[in-house]
There are 2 protein chains.
Amino acid sequence: MIRVWPISPRQACLTNKRSTLADSDETGPEDNFMVTPLLKVVLTEDDGPVRERLARIVHEWPEAELCAACATLEETQAAIEADDIDLLITDLKLPDGSGIEAIRFLARRRSEAEAIVISVLADERSVLAAIEAGASGYLLKDADSIDLIEAIRDVMAGRSPISSRIARVLVRRLSENGNTAAENEGARPALTEREMDILWGIAKGFTYGELADSLAISRQTVPVHIRNIYRKLQASNRSEAVFEAARLGLIRL
Amino acid sequence: MIRVWPISPRQACLTNKRSTLADSDETGPEDNFMVTPLLKVVLTEDDGPVRERLARIVHEWPEAELCAACATLEETQAAIEADDIDLLITDLKLPDGSGIEAIRFLARRRSEAEAIVISVLADERSVLAAIEAGASGYLLKDADSIDLIEAIRDVMAGRSPISSRIARVLVRRLSENGNTAAENEGARPALTEREMDILWGIAKGFTYGELADSLAISRQTVPVHIRNIYRKLQASNRSEAVFEAARLGLIRL
DNA sequence: TGTGGAATACCATGATTAGGGTATGGCCGA
DNA sequence: TCGGCCATACCCTAATCATGGTATTCCACA
């Protein structure tokens, strides 16, 4: 079965050139439309009734083809192996492992496929692990009524359907980065330009002589700068200075 | 005017301990409710008609008090100064600056206040800057119809109302972290436990003698491990080894 | 069951480098 | 004019690097 399907940003991005996609489409003046096979979906959920309910939603949606409805990690991996799927919708708590492993498995096989998590878990570890594994969507099961089709449309269009409670975890994580960076900014000792040059050389393992040559200064001047760096970083030798500098973000790694 | 208001996780978190938080799931016993004044809101939006529309929504909502409806950054900062507000709803593009500055300003004055961005901007820089400045919500203006009240409820309950297109930016950023970490995992040389001990000591600036003492091994053994570390990290001295180790994420800073 | 390899540990020495101290002078902005 | 930054110079001690070795344990593979 073949259907007309609007090009998603994701798809356009994934094949190489947009022109390839556009050229293969002869259905009309709108080159935003192309002939696309059904979206191949695998659904994983260990709870039978819930799985049935979700499966029915996907199944009744004419734009997708439900390749498999799995209850375990093993089944899911088999389903991913068996078929080049476009989307995995998975629970996290599975009897034989975590849905995160399924997402990783999918990412390795088909990096262009998408994954949506549907789970009751909202703790930071689960959420971040799922995102880092490659999930693009994360819906909380306790939501009054998950609009699964809306979520699928979102994710295939390059957006991320995420419950607001889950989103808070992401926001907190990212804002922490900002805060710590900003805090360190204040506590960061001010090194002079020359000292930064020297610091870089130290990190790269240069000796006094190499440092002097590369900066075109006297060999005897180098250790003076180095000692000033030690004082400012409260270090007493090179490796400690590099460690402190890295910790304070003075050196970009 | 005084109203009964459920404790938000945010508020619970600020008052004291996490236990309060866990118990505060909506319909619990009476001590989950407290007497609270109206939510004090400042709204900033440079486009007049849009501002009027949003202001009316907030104004007509009985649970909030609209302290000010501003068109510029300056007005916003003045409004924040004038009143201990609970929530800032702001656009990013303002005639005299960025709404991000308003968020930063608010974070400095009242760190417990929340901020929601409503903007047409969806680029990574704007989104991440807003989040790092302290925004908890980010709604895209092109959304068909923003449910502002729902967003306010979300954010005051410790959730993060975020448009799915914006969420994708956050997801991408966080999953990149995961990927680079995972990639480095592969390229990362495998140091033995002993070598990691030694590496730590090096980073802290220990000498051979201190290293030997702290690990209870012979002074002569230390340089052997160190040379092995150099070989594995392709370094030729201590500082370079620390630098490489930090770069590869072998050392948590 | 044996055997190779890796990791760990120990020993020794000469050449090189780093670290600490102290001193002097030029330059520039407050 | 003073202080901070940069640069230069010398000397001495301590530490490191690159070499040589040898021995033990443990694990994987044949």
Side-chain angles (χ1 to χ4, degrees), chain A residues 184-253, chain B residues 184-253:
Chain A
N184 284 354
E185 191 86 34
R188 178 185 299 177
L191 295 193
T192 67
E193 261 186 63
R194 220 19 160 202
E195 286 164 351
M196 284 304 297
D197 294 338
I198 299 275
L199 183 58
W200 258 107
I202 290 180
K204 289 188 180 171
F206 289 170
T207 65
Y208 281 6
E210 291 169 333
L211 226 26
D213 287 348
S214 76
L215 297 178
I217 60 177
S218 156
R219 178 192 206 78
Q220 274 68 29
T221 305
V222 176
V224 180
H225 290 304
I226 293 184
R227 277 203 299 281
N228 288 335
I229 294 173
Y230 291 168
R231 183 171 40 79
K232 291 183 181 177
L233 297 183
Q234 297 182 298
S236 59
N237 53 47
R238 294 185 165 212
S239 42
E240 201 178 351
V242 170
F243 178 67
E244 280 299 314
R247 199 174 62 77
L248 295 172
L250 288 168
I251 300 180
R252 63 167 185 286
L253 298 175
Chain B
N184 284 355
E185 191 88 31
R188 176 185 300 176
L191 295 194
T192 67
E193 260 187 63
R194 221 18 161 201
E195 287 164 350
M196 285 302 298
D197 294 339
I198 299 274
L199 184 58
W200 258 107
I202 290 180
K204 289 187 180 171
F206 289 170
T207 66
Y208 281 6
E210 291 171 330
L211 227 25
D213 288 347
S214 76
L215 297 177
I217 60 177
S218 154
R219 175 181 302 248
Q220 276 67 28
T221 304
V222 175
V224 178
H225 291 302
I226 293 184
R227 276 205 303 280
N228 290 333
I229 293 173
Y230 290 167
R231 183 172 41 78
K232 291 184 181 178
L233 296 184
Q234 296 183 300
S236 59
N237 53 46
R238 295 185 164 211
S239 44
E240 201 178 352
V242 171
F243 178 67
E244 280 299 314
R247 200 175 60 79
L248 295 172
L250 288 168
I251 300 181
R252 63 168 186 285
L253 298 175

Charged N to carboxylate O below 4.0 Å: is that the case for B:Glu195 and B:Lys232?
yes
So, does [X] get its side chain near the phosphate of [N], meaning an N or O under 4.0 Å from OP1 or OP2?
X: A:Lys232; N: D:dG4; value: no
X: A:Thr221; N: D:dA7; value: no
X: B:Ser218; N: C:dC11; value: yes
X: A:His225; N: D:dA7; value: yes

Atom [atom1] of [X] and atom [atom2] of [N]: how far apart are they, to the nearest Å?
X: B:Tyr208; N: C:dA12; atom1: OH; atom2: P; value: 16 Å
X: A:Arg194; N: D:dC6; atom1: CZ; atom2: C1'; value: 8 Å
X: B:Ile229; N: C:dA7; atom1: CD1; atom2: C1'; value: 13 Å
X: A:Glu240; N: C:dG20; atom1: CD; atom2: P; value: 10 Å
X: B:Arg227; N: C:dA12; atom1: CZ; atom2: P; value: 15 Å
X: B:Ile226; N: D:dC17; atom1: CD1; atom2: C1'; value: 10 Å
X: B:Ile198; N: D:dT16; atom1: CD1; atom2: C1'; value: 14 Å
X: B:Leu211; N: D:dA15; atom1: CG; atom2: C1'; value: 13 Å

DNA chain C: B:Ile217 or A:Phe206, which has the more 5' nearest nucleotide?
B:Ile217
Residue whose closest nucleotide on DNA chain C lies nearer the 5' end, B:Pro223 versus B:Glu195
B:Glu195
Have a look at A:Asn237 and say if it touches a base, only the backbone sugar-phosphate, or nothing, with a 4.0 Å heavy-atom cut-off.
sugar-phosphate
Taking the side chain as every heavy atom from C-beta outward, state whether B:Phe206 and B:Ile198 have any pair of such atoms under 4.5 Å apart.
no
From B:Ile217, B:Asn228, B:Thr221, residue fulfilling side-chain contact (heavy atoms from CB on, under 4.5 Å) relative to B:Arg194:
B:Ile217
Exam field: side chain B:Ser239 to backbone A:Ile202, donor-acceptor pair closer than 3.5 Å:
yes
Could you tell me whether the side chain of B:Tyr230 and the main chain of B:Arg238 form a donor-acceptor pair under 3.5 Å?
yes
Closest-nucleotide 5' rank along DNA chain D - winner of B:Val224 and B:Arg238:
B:Arg238
First encountered from the 5' end of DNA chain D, between A:Arg231 and A:Ala216:
A:Arg231
Where is the tightest heavy-atom contact between B:Ile229 and B:Leu199, given as atom of each residue plus distance?
CD1-N, 3.9 Å
How close do B:Glu240 and B:Gln234 get, heavy atom to heavy atom, and via which atoms?
OE2-O, 4.0 Å
How bent is the helix from C:dG2-D:dC29 to C:dA30-D:dT1, measuring the angle between the end axes built from five pairs each, rounded to 10°?
60°
